Amino acid sequence: MNDLPAPRGKKKSQDEFFGEEFKGYKGANAVEKLLKEKRGHVKNAFERPEINGGIDIIWGDKNGGLLHTILQRDKKLASGKGK
């Protein structure tokens, strides 16, 4: 199994990083599910015909995924650099 890089040389397995798969959610409902659960991932949450496939979303951690995006947004808002 491939390992994903983590801070300070630590590595997480794909299962540790991606977590439980939530099935049956698409689009905004998939994002809402991850926001509620604060863990896991949704495969093919969004469809993009120009890339010939779906886009998965993951909760992740402070280094990647939806949580990372939220933390970065909050950091910018707190510094007055974002809207």
Side-chain angles (χ1 to χ4, degrees):
M1 183 173 290
N2 293 336
D3 287 331
L4 300 170
R8 297 182 189 93
K10 296 178 185 178
K11 292 189 175 190
K12 290 184 177 184
S13 71
Q14 284 183 345
D15 288 341
E16 289 174 318
F17 188 75
F18 292 114
E20 180 181 355
E21 179 181 352
F22 297 107
K23 297 180 180 183
Y25 296 91
K26 297 286 184 186
N29 289 331
V31 174
E32 287 177 22
K33 178 66 173 172
L34 293 183
L35 288 171
K36 177 183 174 189
E37 297 291 335
K38 299 192 181 338
R39 63 186 174 88
H41 69 281
V42 179
K43 288 185 179 178
N44 298 312
F46 298 95
E47 294 293 326
R48 294 300 300 252
E50 63 270 20
I51 63 168
N52 208 17
I55 299 172
D56 304 342
I57 56 172
I58 59 170
W59 178 251
D61 60 20
K62 67 180 181 175
N63 298 303
L66 187 58
L67 176 59
H68 170 78
T69 302
I70 292 167
L71 293 173
Q72 291 300 308
R73 181 203 62 198
D74 290 350
K75 186 176 171 183
K76 285 184 179 181
L77 288 173
S79 70
K81 295 180 181 177
K83 289 186 176 188

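It should be emphasised that the depicted structure is a prediction, and the values quoted were computed from it without experimental measurement.
- The same ILVMFWY cluster, assembled from side-chain heavy atoms under 4.5 Å apart, contains both F46 and L67.
- Judged by distance alone, with hydrogens and angles left aside, the side-chain atoms of W59 form a donor-acceptor pair with the main-chain N or O of K38 at under 3.5 Å.
- Two residues are said to be in side-chain contact when any heavy atoms from C-beta on lie closer than 4.5 Å; K23 and K43 fail this criterion.
- Within 6.0 Å of the NZ atom in K75, the count of heavy atoms belonging to other residues, nucleotides or ligands does not exceed 12.
- No side-chain heavy atom of T69 sits under 4.5 Å from any side-chain heavy atom of R73.
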Given K62 and H68, is the side-chain contact (heavy atoms from CB on, under 4.5 Å) satisfied, shown in steps?
CA-CA 5 Å; K62 67 180 181 175; H68 170 78; 5.7 Å; no

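- When each of N29, L35, L34 is checked for a side-chain contact (heavy atoms from CB on, under 4.5 Å) with V31, only L35 meets the rule.
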side-chain contact (heavy atoms from CB on, under 4.5 Å), that's the test. Do H41 and E20 meet it? Break it down for me.
CA-CA 6 Å; H41 69 281; E20 180 181 355; over 6 Å; no

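- Both V42 and L66 belong to a common hydrophobic cluster when Ile, Leu, Val, Met, Phe, Trp and Tyr are linked at side-chain heavy-atom distances under 4.5 angstrom.
- Side-chain atoms of D61 come within 3.5 Å of backbone atoms of G64 as a donor-acceptor pair (strictly under, hydrogens ignored).
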Would you mind writing out the side-chain donor-acceptor pairs for residues 48-57 within the sub-3.5 Å range, not counting sequence neighbours?
residue : atom : partner : partner atom : Å
R48     : NE   : E50     : OE2          : 2.7
R48     : NH2  : E50     : OE2          : 2.1
D56     : OD1  : N44     : N            : 2.7

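- Remark: E37 pairs with K33, R39 by the side-chain hydrogen bond (donor to acceptor under 3.5 Å, both in side chains) rule, at least two apart or across chains.
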